[in-house]
Amino acid sequence: MPARAPFPGAGFFHKGQRSPVIAAMGKRLVAEGCGKYRTGSGPEWTAVDQQSYAAWQHKLGFKGAEANGIPGRTSWERLGVPKPAATAPGARVTSPVPGHGVTTPYRKTGPHWSLGYHTGADYAAPQGRPCVAVRGGSLVRHGFDTSFGNYLVLRAGGFDYWYCHLSEKTVRTGTVKAGQKIGEVGSTGNATGPHLHFEKRRAGGGFGSDVPPNW
């Protein structure tokens, strides 16, 4: 039996998220007769993926909020999504914190943030969990900030990916491959608990120049 992809958390499934896990999920939904795709499933989460997953939840007998098309642990494990092949250099990875999904989404509003909204996506995970490069590129900056704590900046494809609140920076400079460990989850700086604040800006952009943190 092929290895199965672990449940990445309900927060992982949001507009713009790209992952080979999503494509593998779509293929399983089609195999179960629940696919609503016209041309086949792809790696980016879309409304059609949500409609297809809702059909799977209904097939399992779920109703109401339990059949909203957002994967939950029980339905995910019963679907049996195969684990994608190991990430090749230059390929995209599932999450900057493997095995963990988004817990506080990008652009969530509230008084907790100086700009009135969340400038990145948070991945809550136990202290010390690995953080990996989401794309192949170069580490162009690292340091400590009172808000972001220990941080690293990965530059790839004309964008800067900020890794913040790290407990450890295992690589600080040089070229890295997609999937390579570059740090560990922590709670340094202005953080209420261990998590990775993952932010995307155009290369060289300052605070407030954030864009949706896709890769």
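Count residues from 1 along the sequence.
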Q: Would you check if Gln50 and Ile70 make a side-chain contact, meaning some heavy-atom pair closer than 4.5 Å?
A: yes
Q: Hey, could you give me the NE2/OG1 distance between His195 and Thr103, rounded to the nearest 0.5 Å?
A: 7.5 Å
Q.
With a 6.0 Å cut-off (strictly less than), is the heavy-atom count around NZ of Lys59, excluding the residue itself, greater than 12?
A. yes
Q) Considering residues, nucleotides and ligands other than Arg107, do more than 12 of their heavy atoms fall under 6.0 Å from its CZ? A) yes
**Q.** Side-chain heavy-atom pair Trp215, Leu154 within 4.5 angstrom cut-off
**A.** no
Q: May I ask you to check whether Phe198 and Tyr163 place their ring centres under 6.0 Å from each other?
A: yes
Q | Heavy-atom donor-acceptor pair, Asp122 side chain to Ala124 backbone, under 3.5 Å | A | no
(Q) Using the ring-ring contact (aromatic ring centres under 6.0 Å, His included) criterion, which residues pair with Phe159? Sequence neighbours excluded. (A) none
Q) Which of parallel (below 30°), tilted (30 to 60°) and perpendicular (above 60°) describes Tyr106 and Tyr117? A) perpendicular
**Q.** Residues which pass salt bridge (Lys or Arg N to Asp or Glu O under 4.0 Å) with Arg141, listed by chain and number, not counting sequence neighbours
**A.** none
Q. Tell me, do Val30 and Tyr37 make a side-chain contact under 4.5 Å, heavy atoms counted?
A. yes
Q: Check Phe62 against Ser75 and note the closest heavy-atom contact, atom names and distance.
A: CE1-CB, 3.7 Å
Q. Okay, side chain of Arg28, backbone of Pro82: is any donor-acceptor separation there less than 3.5 Å?
A. no
Q: Output yes when a side-chain donor or acceptor of Ser52 lies under 3.5 Å from a complementary backbone atom of Lys36, and no otherwise.
A: yes
(Q) Using side-chain contact (heavy atoms from CB on, under 4.5 Å), reason through Met25 and Trp45 one step at a time and then give a plain yes or no. (A) CA-CA 10 Å; Met25 176 203 73; Trp45 179 258; 3.7 Å; yes
Q | Which residues share a side chain to side chain contact (heavy atoms under 4.5 Å, CB included) with Ala125, sequence neighbours left out | A | Val97, His100, Arg129, Val185
Q: Could you walk me through whether Tyr123 and Cys131 pass side-chain contact (heavy atoms from CB on, under 4.5 Å), step by step?
A: CA-CA 10 Å; Tyr123 294 77; Cys131 298; over 6 Å; no
Q: Test Leu196 against Leu166 for side-chain contact (heavy atoms from CB on, under 4.5 Å), laying out the working first.
A: CA-CA 7 Å; Leu196 174 71; Leu166 300 172; 3.9 Å; yes
Q | pair Val132-Pro98: side-chain heavy atoms closer than 4.5 Å | A | yes
Q. If only atom types and distance count, is the side chain of Thr175 paired as donor or acceptor with the main-chain N or O of Ser138 below 3.5 Å?
A. no
Q. Which residues satisfy the salt bridge (Lys or Arg N to Asp or Glu O under 4.0 Å) test with Glu168, sequence neighbours excluded?
A. none
Q) Which atom names give the shortest non-hydrogen contact between Gly101 and Phe12, and what distance separates them? A) CA-CB, 4.0 Å
**Q.** Short side-chain to backbone donor-acceptor contact, His118 and Pro105, under 3.5 Å
**A.** yes
Q. Between CG of Asn190 and NE2 of His165, what distance do you get to the nearest 0.5 Å?
A. 7.0 Å
Q: Test Val153 against Tyr161 for side-chain contact (heavy atoms from CB on, under 4.5 Å), laying out the working first.
A: CA-CA 6 Å; Val153 180; Tyr161 299 88; over 6 Å; no
(Q) For Trp76 together with Phe13, are the ring centres under 6.0 Å from each other? (A) yes
Q) Looking at residues at least two apart in the chain, or sitting in another chain, which of them share a salt bridge (Lys or Arg N to Asp or Glu O under 4.0 Å) with Lys181? A) Glu184
Q. Backbone N or O of Ala65 within a donor-acceptor pair of the Gln57 side chain at under 3.5 Å?
A. no
Q.
So, using salt bridge (Lys or Arg N to Asp or Glu O under 4.0 Å) as the criterion, who are the partners of Arg201 when residues are at least two apart?
A. Glu199
Q. Distance-only, no hydrogens or angles: does the Trp162 side chain make a donor-acceptor pair with backbone N or O of Tyr151 under 3.5 Å?
A. no
Q. Judged by modelled atom types alone, do Asp49 and Thr46 share a side-chain donor-acceptor pair under 3.5 Å?
A. yes
